[in-house]
Amino acid sequence: MGPIGVFGGTFDPVHYGHLRTAFEMLQALRFHEVRFMPCGDPPHRGKTYANAALRLEMVEQAIAGQPGFVADDRELQRAGPSYSVDTLTALREEIQQRPLALMIGMDAFLGLPNWHRWREILKLAHIVIAHRPGWRAPDMGLLGEMLAEHGTHRIDDLHEAEAGHIYIHDVTQLEISSTEIRELIAGGRDPIFLMPDAVRNVIRESGCYAAGSEDRAV
Ligand code: ATP
């Protein structure tokens with residue numbers, strides 16, 4: 001049984017950049033499954049635009065029927081900030097020695113030293129990084145050193161150890177971001193072809209990103 005991938009994010013809203021990245025990693029890295037995990041109260045950023053229930057619903061709609069894709073709402077159930085280290089600790093207890101991989105974009109990896117107890121993450125999971133347009137891998141500083149020490153080019157390392165490796169994966173570069181999608185919708189334009197239609201429908205019916213929608217909520 002292959003590693004379990006954990007793909008966290010605000011998913012405000014989820015889009016094809018997330019979905020295609022997760023799918024390519026699932027296949028190429030031979031993961032058993034990818035768990036999409038919307039975060040509740042993101043510690044590093046401001047409040048979200050769509051509330052937690054809507055962000056989860058958009059993820060569920062986006063992945064419905066896709067083998068290997070699972071929605072995991074544990075961070076939404078927990079009160080207080082969503083720290084990855086706590087989520088991975090809980091998952092590690094559940095899955096015992098099975099390999100676990102935290103999946104993040106290069107932009108998110110560059111912010112890792114700001115995460116709560118970030119040095120413990122590699123003891124709990126591998127880190128699998130997706131190249132993202134405009135972001136380069138660090139070659140110096142704390143993260144550069146971490147990459148030199150823990151980086152691997154062997155996919156088998158992600159299967160043979162339960163945690164501790166960093167792997168950078170080239171995914172199809174889709175320059176889509178949730179921020180641009182929200183701006184587009186607030187400007188009265190249609191996010192068609194940037195996300196599944198089922199997600200567009202949730203956005204249209206809830207009006208969550210419409211101009212003047214002030215119900216910013218966690
Ligand atoms: P925002 O624009 O609000 O910051 P986002 O589009 O970056 O949102 P997040 O929910 O913050 O989406 O991202 C969750 C994870 O997905 C992060 O690790 C991020 O790096 C990654 N990610 C987001 N968009 C892409 C993309 N187009 N290609 C690859 N990875 C992505």
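Keep in mind it's a predicted model, so treat the numbers as computed, not measured. In listed order, ligands and their atoms are each counted from 1.
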Please walk me through it: do Asp197 and Arg204 pass salt bridge (charged side-chain N to carboxylate O under 4.0 Å, His left out)? CA-CA 10 Å; Asp197 282 345; Arg204 197 166 34 216; over 6 Å; no
Is there at least one pair of N or O atoms, one from Ile176 and one from ligand 1, spaced under 3.5 Å apart? yes
Could you tell me whether ligand 1 has any atom less than 4.0 Å away from a heavy atom of Glu175? no
With a 4.0 Å cut-off on heavy atoms, is Asp12 touching ligand 1? no
Over all atoms of both residues, closest heavy-atom pair of Ala62 and Val14: CB-CG1, 3.8 Å
Which atoms of ligand 1 are found less than 4.0 Å from any heavy atom of Ser178? 1 (P), 2 (O), 3 (O), 5 (P), 6 (O), 8 (O), 12 (O)
Give the atoms of ligand 1, by number and element, whose distance to some non-hydrogen atom of Arg182 is under 4.0 Å. 3 (O)
Taking every heavy atom of Tyr16 against every heavy atom of Leu174, the minimum-distance pair comes out as O-CD1, 3.7 Å
Contact atoms of ligand 1, heavy-atom distance to Thr10 under 4.0 Å: 9 (P), 10 (O), 11 (O)
Closest to atom 20 (O) of ligand 1 (judged by heavy-atom distance), picking from Leu19, Leu110, Asp107, Ile129: Asp107
A student checking ligand 1 against Thr21 at a 4.0 Å heavy-atom cut-off should list atoms 28 (N), 29 (C), 30 (N)
Mark up the atoms of ligand 1 that fall under 4.0 Å of a heavy atom belonging to Ile104, in ascending order. 18 (O)
Begin from the C-alpha positions of Asp73 and Gln77 and carry the test side-chain hydrogen bond (donor to acceptor under 3.5 Å, both in side chains) through to its verdict. CA-CA 7 Å; Asp73 67 352; Gln77 306 297 349; 2.7 Å; yes
Show the numbers, then the answer: is there a side chain to side chain contact (heavy atoms under 4.5 Å, CB included) between Leu26 and Phe69? CA-CA 9 Å; Leu26 175 78; Phe69 279 8; 4.0 Å; yes
Nearest neighbour of atom 14 (C) of ligand 1 from the list Ala108, Gly8, Gly105, on a heavy-atom basis: Gly8
Would Met106 count as a contact of ligand 1 if the rule is a heavy atom under 4.0 Å away? no
Among pairs that include at least one residue of residues 123-156, which meet ring-ring contact (aromatic ring centres under 6.0 Å, His included), considering only residues two or more places apart or in two chains? His126-His165
Is Phe7 near ligand 1, meaning one of its heavy atoms is under 4.0 Å from it? yes
Hey, what do you get for CD1 (Ile127) to CH2 (Trp118), rounding to the nearest 0.5 Å? 9.0 Å
Decide whether Ile104 and Met106 are clustered together by the hydrophobic rule: side chain heavy atoms of Ile, Leu, Val, Met, Phe, Trp, Tyr closer than 4.5 Å, transitively. yes
Please state whether the rings of His15 and His18 are parallel, tilted or perpendicular, taking 30° and 60° as the class boundaries. parallel
Contacting atoms of ligand 1, where contact means under 4.0 angstrom from a heavy atom of Ser177: 2 (O), 6 (O)
Close-contact set for ligand 1 against Phe11 heavy atoms, below 4.0 Å: 10 (O)
Would you compute the distance between atom CD1 of Ile95 and atom CD1 of Ile4 and round it to the nearest 0.5 angstrom? 4.5 Å
Show which atoms of ligand 1 fall inside a sub-4.0 Å distance from at least one heavy-atom site of Gly9. 10 (O), 14 (C)
